[in-house]
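As the structure is a computational prediction, the values presented were derived from the model and not from experiment. Both backbone and side-chain heavy atoms feed into the values below; hydrogens, waters and symmetry mates do not. Numbers restart at 1 for each chain; the letters A, B, ... are given by sequence-line order, proteins then strands.
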Amino acid sequence: MSAAVPVRVRFAPSPTGYLHVGGARTALYNYLFAKHHGGEFIYRIEDTDEARSTEESMRMQIADLNWLGLKWDEGPDPETLVDRGPHGPYRQSRRQDIYKEHADRLLKSGKAYYCFMTDAEIEVQRQEATRLNKPPQVNSPYRNWTLAQAQERLAKGDTAAIRFKVQEKRDYLLKDLVRGDVTFPSDMVGDFVCLRSTGMPVYNFCCAIDDALMQISHVLRAEEHLSNTLRQMMLFEAFDYPLPQFGHLSIILGADKQKLSKRHGATSCNEYRVAGYLAEAMNNFIALLGWSSPNAQEILSMQELIQQFGVERLNSSPAVFDETKLLWVNATHLRALPQAELWERVEPFLLEAGLKLPKDPAWRDRTLAALKTSMSKFTDAVELCRPLSETPLDISADAAEILGWETTEKVILGWKAGLEKLSTEYLTEAEFLQLQDRIKDEQNVKGKQLFQPIRVAVIGKPQGTELKMLVPLLQKRILLERADTVLARLKK
RNA sequence: GUCCCCUUCGUCUAGAGGCCUAGGACAACUCCCUUUCACGGAGUAGACACGAGUUCGAAUCUCGUAGGGGACGCCA
């Protein structure tokens, strides 16, 4: 590795859907690698598949990348989508002149040729090859046409793809950063298309050209591109461009060891964001799928990831995406958050659920202190805080049995009387426990007959978080209202 | 079919010929803390895919076998 070459890496997804966790990991590794080496992280859009690429997908992916905090140094501006950086455009659909010019160069030097084969002809060849158990490669009859011959036919209005002419058989050696030496025989691929007959370039072609022109020094990408690398190496060679270093990351599998896909449940970053996961936990967890910290750390901040990341500790075998561990990583990050920040980040979820909670910072602090150990993700706060919301008490159906007990009314009346005697806005845990004891003695009710009616009078249902935690978080006024609501129900 | 890649506890991994009676983390289980839960603490159980070879010595090197994945597109 030459130290003179500045580190420039890129993440180059195709905008054909949400950002997948696999893509997120690729992006993260590239980002970490760049930041670790003080290099640049470039975001490029591979939108040459006109049928499947959409601007909406692109916006979704940008939003996900932003959520993860992976900021790029060059590429479309996340807000305006206007290109920023000296090597643009960064959307391949806008670089067609460049590809055209490169294809012409190959044509002129005889390294590529016009191919007039139709889809049907290609299909016939493919089926024939498959039938003979041969690699389904295209053997174009136009391979040896002269450029003049082809141009003559083009002049008649026929369209043609431009195919790269794979040269004599030899081995290509790829020194992969993750996999070590990988040898590809050149006949592994047939003459591949560079430019479609529509003029739109094909992935391998623009990828190689862009990586060269954008001066990409290292390409960290998914394993499925490993065998594509051969074509790209041929292209680099044909243009006499210096080859970047490649590292092919293993794929991420679902619990059934099959490639992670929609049937495994959540596979997009966005789903995890909505489900109340923390971006920093997502980064942390994903980083550990295929990479390990040199000092065996499991919980790492972005800063630590940047400091410790290195391509040497990348693992080449596939990794199963384990949601259980993700949840643990998430809970750990969540509980480490300063309480003020935790509230800030949880609040949108509470508001969305329609909860009405006190604005007093001291109250919020107490609440989080009490509830945070049972939270693994932001959305857990919703159910945890629901009983604290200043909304009319909803008496659940399974409270009916308790409401039917003959001692219930006097317990609640005792509870109410006790509350009224208190002068403070909130009662302390100790006061609550004392009050409970007093009701026990005064009303001569104990055990279930005592606890359950109070519980229903507080939260409207027979089970939930411990009352000694909840009661001190509820204003006396609200407790009284709720007790009245339950009493009114008893009268009916 | 051909080529390429991968294979350590259930899962993520450490491991670069002797430090390995294979270490850590999540999950599981047990106990402690706590008048229930959670958090926390202490433990228990659990793996080198298989077979040959190289070597005084192999999880580590080589070769096979099996299994999994990828590529062979005018998809990326």
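Residue A:Q137 is classed as a sugar-phosphate contact, given heavy-atom separations below 4.0 Å to backbone atoms only. In this structure, A:V189 reaches neither bases nor backbone, as no heavy-atom distance under 4.0 Å exists between it and the strands shown. Backbone-only engagement by A:T183 is indicated by non-hydrogen atom pairs under 4.0 Å involving sugar-phosphate atoms exclusively. Across all strands, A:K259 comes closer than 4.0 Å only to sugar-phosphate atoms, never to a base (heavy-atom distances). Nucleic acid contact class of A:G190 (heavy atoms, under 4.0 Å, all strands): none. At a threshold of 4.0 angstrom between heavy atoms, the contacts of A:H248 with the nucleic acid are absent. As judged by a 4.0 angstrom heavy-atom cut-off over every strand, A:A319 is placed among residues touching the sugar-phosphate backbone only. At a threshold of 4.0 angstrom between heavy atoms, the contacts of A:I122 include nucleobase atoms, whether or not backbone atoms are also involved. At a threshold of 4.0 angstrom between heavy atoms, the contacts of A:S374 are confined to the sugar-phosphate backbone, with no base atom among them. Within the nucleic acid shown, A:E46 comes within 4.0 Å of sugar-phosphate atoms alone, with no base atom in reach, counting heavy atoms only. Here A:S197 lies in heavy-atom contact (under 4.0 Å) with a base. Residue contacts shown for A:R231 are limited to sugar-phosphate atoms, with no base heavy atom under 4.0 Å away. Contact annotation for A:R313: backbone-only contact, meaning every heavy-atom pair under 4.0 Å involves sugar-phosphate atoms and none involves a base. Contact annotation for A:P318: backbone-only contact, meaning every heavy-atom pair under 4.0 Å involves sugar-phosphate atoms and none involves a base.
Searching all strands for a Watson-Crick or G-U wobble partner of B:G57 with both distances below 3.5 Å returns nothing. In this structure B:C72 sits in a base pair with B:G1, meeting the Watson-Crick or G-U test at under 3.5 Å. Using N1 to N3 plus N6-O4 or O6-N4 for Watson-Crick, or N1-O2 and O6-N3 for G-U wobble, each under 3.5 Å, B:A25 pairs with B:U11. Remark: B:G64 base-pairs with B:C50. Criterion, Watson-Crick or G-U wobble with two distances under 3.5 Å. Pairing for B:C31 goes to B:G41, judged as Watson-Crick or G-U wobble with the two contacts each under 3.5 Å.
With hydrogens and angles ignored, the 3.5 Å screen pairs a side-chain donor or acceptor of A:E271 with a backbone N or O of A:T267.
When the P atom is used for both B:G40 and B:A45, the distance is 23 Å, rounded to whole Å. The gap from the C1' atom of B:A71 to that of B:U55 amounts to 38 Å, rounded to the nearest Å. Rounded to whole Å, the separation between the P atoms of B:C33 and B:A42 comes to 15 Å. As rounded to the nearest Å, B:G69 and B:C61 have P atoms that lie 24 Å from one another. Across B:A14 and B:C31, the matching P atoms stand 34 Å from one another, rounded to whole Å. Distance noted for atom P between B:C5 and B:U62: 12 Å (whole Å).
Residues A:G22 and A:I252 come closest through the heavy atom pair CA-CD1, 3.8 Å.
Remark: A:R91 does not engage A:D210 in a salt bridge, criterion side-chain N to carboxylate O under 4.0 Å.
Ring geometry for A:F192 against A:F164 counts as parallel: the plane angle stays under 30°, on a 0 to 90° scale with 60° as the upper cut.
A donor-acceptor pair shorter than 3.5 Å cannot be found between the side chains of A:Y114 and A:Q149. A donor-acceptor contact closer than 3.5 angstrom links the side chains of A:Q232 and A:N204. Inspection of the A:H225 and A:Y203 side chains reveals an N or O donor paired with an N or O acceptor under 3.5 Å.
Summary of the strand contacts: A:V178 and A:P13 both lie near RNA chain B, and taking for each the nucleotide with the nearest heavy atom, the more 5' one is attributed to A:V178.
Taking 4.0 Å as the cutoff to heavy atoms of chain A, we find the contact window on RNA chain B bounded by B:G1 to B:A76.
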Test log, rule ring pair (Phe, Tyr, Trp, His ring centres under 6.0 Å), inputs A:Y29 and A:F309
CA-CA 8 Å; A:Y29 284 168; A:F309 188 79; 5.3 Å; yes
Does A:W145 form a ring pair (Phe, Tyr, Trp, His ring centres under 6.0 Å) with A:F116? I'd like the steps, not just the answer.
CA-CA 11 Å; A:W145 277 30; A:F116 296 90; 5.8 Å; yes
